Asker: 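Questions regarding the structure given below will be posed in turn.
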Amino acid sequence: MGRRGGAGRRPGLRPRRGFPPPPARSRLAGRRAGRRAGGPAMIEAIIREAFKTPLEKLGLYEDDVVIDLEKPRDRSHGDLSTNLALSLAKPLGRRPRELAGELAAGLEFDKDLVESVEIAGPGFINFRLGRPYHIGRLLALWSGAALAEIRSGGGKRINVEFISANPTGPLNVVSARAGAFGMTLCRLLEAVGYDAHSEYYVNDAGRQVTLLGASLRANYLQLRGRPFLFPEGGYEGRYLEIMASELLDQDSAAIQLAAKAFDNESFQRVTAPEGNAEDWCALPEDESVRCFAKYALMKILGWQRETCQRFGLRFDTWYFESELHETKRIERTLDALRKSDRLFEQEGALWFRSTAFGDEKDRVLVRADGEPTYFLADLAYHHHKHQRGFEYAIDYWGPDHHGYILRMQGGMRALGVEEGWLEVEILQHVTFLEDGRPITMSKRKGQFVTMDALMDEVGADVAKFFFLTRKPNSHLEFDLDLARAESSENPVYYVKYAHARICSVLRNAVAAGVAIGEPTAAGLAGLTHESEWNLVRELIRLPQIVTVAAQAREPHRLTGWVVELAGLFHQFYHQCKIIDPEAPQLTDSRLMLCQLTRLVIAKVLELIGVDAPEHMGEKD
RNA sequence: GCGCCCGUAGCUCAGUUGGAUAGAGCAGUGGACUUCUAAUCCACAGGUCGCAGGUUCGAGUCCUGCCGGGCGUGCCA
């Protein structure tokens, strides 16, 4: 994760060869986007180019020097800044400020693009970009060109797997956070030009499914008043009791109904067992359990799929573990692994030497009883995923699985898959707070265990937004009181309100007979107020925000940024009268700014899967 | 013990991949509705960035070692 090794950062002078290696995450290469059409990369290229002459005067060539350009934190420092003089000072044995002066003196720019160059602080060279540049970016935003520039992925396919919950019960809130991240990451990857493929892996083959079937069967037999034995470690959730009583009351009607939900191609593997529950009971025990398991699986997958749908999740593929077994992929993967020379036998089991890949101990692939482990099945699954032609695979896992990363990645390497192909993002736990206290998530009592209950409580939009406010690797404290509040403290409503407010202003304009024109350079040139320009400078960052969020796999950057953006709009709204009959030109300009802001907020909300309303509901 | 993650304002967290005076929301205090939606805005106050070293012109950010918290560490899935 962004590990760079301790090699220390290079000074201004670029070493001759082979160093530094690109950071692991730079493969999306978003930095090179936007080179055409006046994008940010073009401006940066122009500035770098301008340094050529002054650098040559110092006896340096472009290729020898790394020119970092970045947006200063403090706006008074301009739009772009470089530390070039600071980093060159040491190797050249010069004083930074003096050097900065010399460098800056030799720079020449088109004033429309770079308005001014200043030396500041210890030796930074700051650039202020011209208004025509900003206006150009706004127009590119409006036309869609600005977002087209960052589509640098070349349509390469990336598989994003998330949730993949065991099909043994309703989805819980842990899955909800994974859903929010996974789906948003897919949309982000699409936005930067990849072909993102969402996938859900269904563990429908292991012992747990048998256990599920046995648990349901026990519940059913109990309701029937027949002798039953509840399986050890079986599933005790109330949902199985309900499922059993449904079978009892409706029997084949319930079965048909459940089966109908999977009446389509992508779920061919999900079918109803033959006969009805009474028939199943008459079968030998293992047969009987299989039938109950098949039915339970069908029901639960139906719930899970419905819950996902309600949460706005769409999966391109539901991949069934049972398919791996039926198509002999487990054996095939095992054969491929044997060729890697990383397997050995010990105490009757077959092991994988994962320590060769940094794991702390070696892992079993096939148990002494001949059964493949979950690890092997997972390797076979990912092996197949690779064979299906994905450029990269990104998995979202729960915190309890982080110990599996090294062995999985090691296994993939042993299968001949290129390093870095499988990327694993760990999502940390969620704690729910009510009255400022954490609520216990006991499966018995907890009312917020399921994802559906959470949506009932706070709504899908609020839940999604909240899940995306912290980085994946941080624990999330989910304040239910805040999430329920339809008020200013709730960031979701803060942002939605900004959007609705703009829509309202636009409606008022129409009602007042003011024409709303498309943004134009001449119109936008009318913007002069500080709060207008604070907004402008932020709006044009959208492509960069999207790029970084996608590259760094950090969808949470979107929520933070859009809250900030909404704030800038609210400030502008308070400081500037938008519709002013006394000033038709200015009204025109400001309505353009409103439209652009609406566009950007709507785009970000679309990425995180939250509705952008035109009206807010009535206040209570 | 070992591995991974986290430690920033009273609370919950950002921090643009090493930059300039560390930011926001909530909580606190005080203001702004004759006004395009006050679901909003403005102001004040709040800090030894867990501790100690190191690398660097420059560290919340990178390295090492401690301290504190979470999770993991099965021939389970």
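Since we're looking at a predicted model, the values are computed, not measured. Order of the sequence lines fixes the chain letters, A, B, ..., with proteins taken first and strands second; residue numbering starts at 1 for each chain.
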Asker: Check the distance between B/rA38's P and A/Phe569's CZ and give it to me in whole angstrom.
Answerer: 11 Å

Asker: Measure from NZ on A/Lys471 to C1' on B/rG7 and round the result to the nearest Å.
Answerer: 11 Å

Asker: Quick one: A/Arg407 CZ to B/rC2 P, roughly how many Å, whole number?
Answerer: 20 Å

Asker: Taking only the C1' atom of each, what is the distance from B/rG46 to B/rG3 in whole angstrom?
Answerer: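 Rounded to whole Å, the distance is 38 Å.
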
Asker: Under 3.5 Å, is there an N or O donor on one side and an acceptor on the other linking the side chain of A/His401 and the base of B/rG72?
Answerer: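 No.
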
Asker: For A/Arg501 and A/His615, what are the C-alpha separation, side-chain angles and deciding distance, and is it a side chain to side chain donor-acceptor pair (under 3.5 Å)?
Answerer: CA-CA 8 Å; A/Arg501 195 174 226 185; A/His615 302 266; over 6 Å; no

Asker: What about A/Asn83, does its side chain sit under 3.5 Å from the base of B/rG19 through a donor-acceptor pair?
Answerer: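 Pair found.
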
Asker: Using a 4.0 Å heavy-atom cut-off, does A/Ser504 contact any base of the nucleic acid, only the sugar-phosphate backbone, or nothing at all?
Answerer: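 Answer is base: heavy atoms of A/Ser504 come under 4.0 Å of a base.
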
Asker: Nearest-Å distance, CZ (A/Phe465) to C1' (B/rC13)?
Answerer: 13 Å

Asker: Answer with base, sugar-phosphate or nothing: what part of the nucleic acid does A/Cys576 contact at a heavy-atom distance below 4.0 Å?
Answerer: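 Counting heavy atoms under 4.0 Å across all strands, the contact made by A/Cys576 includes a base.
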
Asker: Measure the acute angle between the ring planes of A/Trp397 and A/His382, then classify it against the limits of 30° and 60° as parallel, tilted or perpendicular.
Answerer: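 Answer is perpendicular, since the angle exceeds 60°.
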
Asker: Mind checking the C1' distance from B/rC26 to B/rC66? Whole angstroms is fine.
Answerer: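 Here B/rC26 and B/rC66 have their C1' atoms 34 Å from each other.
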
Asker: For the side chain of A/Phe124, starting at C-beta, report the closest nucleotide among B/rC75, B/rA20, B/rU73.
Answerer: B/rA20

Asker: Closest to the A/Arg367 side chain: B/rC4, B/rA38, B/rC75?
Answerer: B/rC75

Asker: By nearest nucleotide on RNA chain B, pick out whichever of A/Val366 and A/His556 is the more 5' one.
Answerer: A/His556

Asker: Atom NZ of A/Lys71 to atom P of B/rA20: distance rounded to whole Å?
Answerer: 13 Å

Asker: In whole angstrom, give me the gap between the C1' atoms of B/rG23 and B/rC4.
Answerer: 29 Å

Asker: Are the ring centres of A/His570 and A/Tyr494 closer than 6.0 Å?
Answerer: yes

Asker: At 4.0 Å (heavy atoms only), tell me whether A/Glu321 reaches a base, stays on the sugar-phosphate, or touches nothing.
Answerer: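 Counting heavy atoms under 4.0 Å across all strands, no contact is made by A/Glu321.
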
Asker: Ignoring the backbone of A/Arg541, work out which of B/rA20, B/rC75, B/rU16 is nearest its side chain.
Answerer: B/rU16

Asker: Taking Watson-Crick and G-U wobble pairs with both distances under 3.5 Å, convert RNA chain B into its dot-bracket string, 5' to 3', dots for unpaired and | for cross-strand pairs.
Answerer: (((((((..((((.....[...)))).(((((.......))))).....(((((..]....))))))))))))....

Asker: Please state the C1' separation for the pair B/rG68 and B/rC49 - nearest whole angstrom.
Answerer: 16 Å

Asker: From C-beta outward on A/Asn508, which listed nucleotide comes closest to its side chain: B/rC36, B/rG70, B/rU16?
Answerer: B/rC36

Asker: How many whole angstroms separate atom CH2 of A/Trp397 from atom C1' of B/rC5?
Answerer: 16 Å

Asker: Would you classify A/Glu347 as touching base, sugar-phosphate or nothing, given that sugar-phosphate means primed atoms plus P, OP1 and OP2, and contacts are heavy atoms under 4.0 Å?
Answerer: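 A/Glu347: base contact, heavy atoms under 4.0 Å.
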
Asker: Classify A/Asn203 by what it touches in the nucleic acid, base, sugar-phosphate, or nothing, heavy-atom distance under 4.0 Å.
Answerer: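 Result for A/Asn203 = nothing.
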
Asker: What is the nucleic acid contact for A/Ala89, judged by heavy atoms within less than 4.0 Å: base, sugar-phosphate only, or nothing?
Answerer: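 No contact at all - A/Ala89 keeps every heavy atom at 4.0 Å or more from the nucleic acid.
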
Asker: Say we look at B/rG70 and B/rG50: how far apart would their C1' atoms be, to the nearest angstrom?
Answerer: 15 Å

Asker: Checking only heavy atoms, does the side chain of A/Asn126 share a donor-acceptor pair with the base of B/rA20 at less than 3.5 Å?
Answerer: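 Donor-acceptor pair under 3.5 Å: yes.
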
Asker: So, are A/Glu564 and A/Arg541 salt-bridged, with charged N and O less than 4.0 Å apart?
Answerer: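 Judged by the 4.0 Å cut-off on N to carboxylate O distance, A/Glu564 and A/Arg541 do not form a salt bridge.
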
Asker: How far does the P atom of B/rA20 sit from the matching atom of B/rU16, given to the nearest Å?
Answerer: 10 Å

Asker: Are A/Phe344 and A/Phe352 close enough that their ring centers fall under 6.0 Å?
Answerer: no

Asker: Should A/Arg537 and A/Trp533 be marked as a side chain to side chain contact (heavy atoms under 4.5 Å, CB included) after you check the CA-CA gap, both sets of side-chain angles, and the distance that decides it?
Answerer: CA-CA 6 Å; A/Arg537 272 185 289 265; A/Trp533 279 84; 3.8 Å; yes

Asker: Tell me if the side-chain of A/Ser81 makes a donor-acceptor pair with the base of B/rA20, cut-off 3.5 Å, by modelled atom types.
Answerer: yes

Asker: Could I get the full list of side chain to side chain contact (heavy atoms under 4.5 Å, CB included) partners for A/Gln304, not counting sequence neighbours?
Answerer: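 A/Ala165, A/Leu171, A/Tyr200, A/Ile300, A/Leu301.
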
Asker: Rounded to whole angstroms, how far apart are CD on A/Glu360 and C1' on B/rC71?
Answerer: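 These atoms are roughly 13 Å apart.
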
Asker: Measure up the A/Phe127 and A/Phe51 rings against each other and bin them: parallel (under 30°), tilted (30 to 60°), perpendicular (over 60°).
Answerer: perpendicular

Asker: So, is A/Tyr374 near the phosphate of B/rC75, with a side-chain N or O under 4.0 Å from OP1 or OP2?
Answerer: no

Asker: Would you mind telling me which residue lines up with the more 5' stretch of RNA chain B, A/Arg363 or A/Glu70, judged by nearest nucleotide?
Answerer: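 In this pair, the answer is A/Glu70.
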
Asker: Would you say the base of B/rU16 and the side-chain of A/Arg73 have a donor-acceptor pair closer than 3.5 Å?
Answerer: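 Check passes, donor-acceptor contact within cut-off.
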
Asker: Looking at A/Arg484 and A/Asp481, is any side-chain nitrogen of the basic one under 4.0 Å from a carboxylate oxygen of the acidic one?
Answerer: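 Looking at A/Arg484 together with A/Asp481, the answer is yes, because their closest N to O distance falls below 4.0 Å.
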
Asker: In whole angstrom, give me the gap between the P atoms of B/rG15 and B/rG53.
Answerer: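 That atom pair is separated by 28 Å.
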
Asker: Do the charged groups of A/Arg128 and A/Asp79 touch, with an N to O distance under 4.0 Å?
Answerer: no

Asker: With rounding to whole Å, what would you report as the distance between B/rG30 and B/rG69 at their P atoms?
Answerer: 39 Å

Asker: How close or far is atom P of B/rG69 from atom CG of A/Leu476, stated in whole angstroms?
Answerer: 22 Å

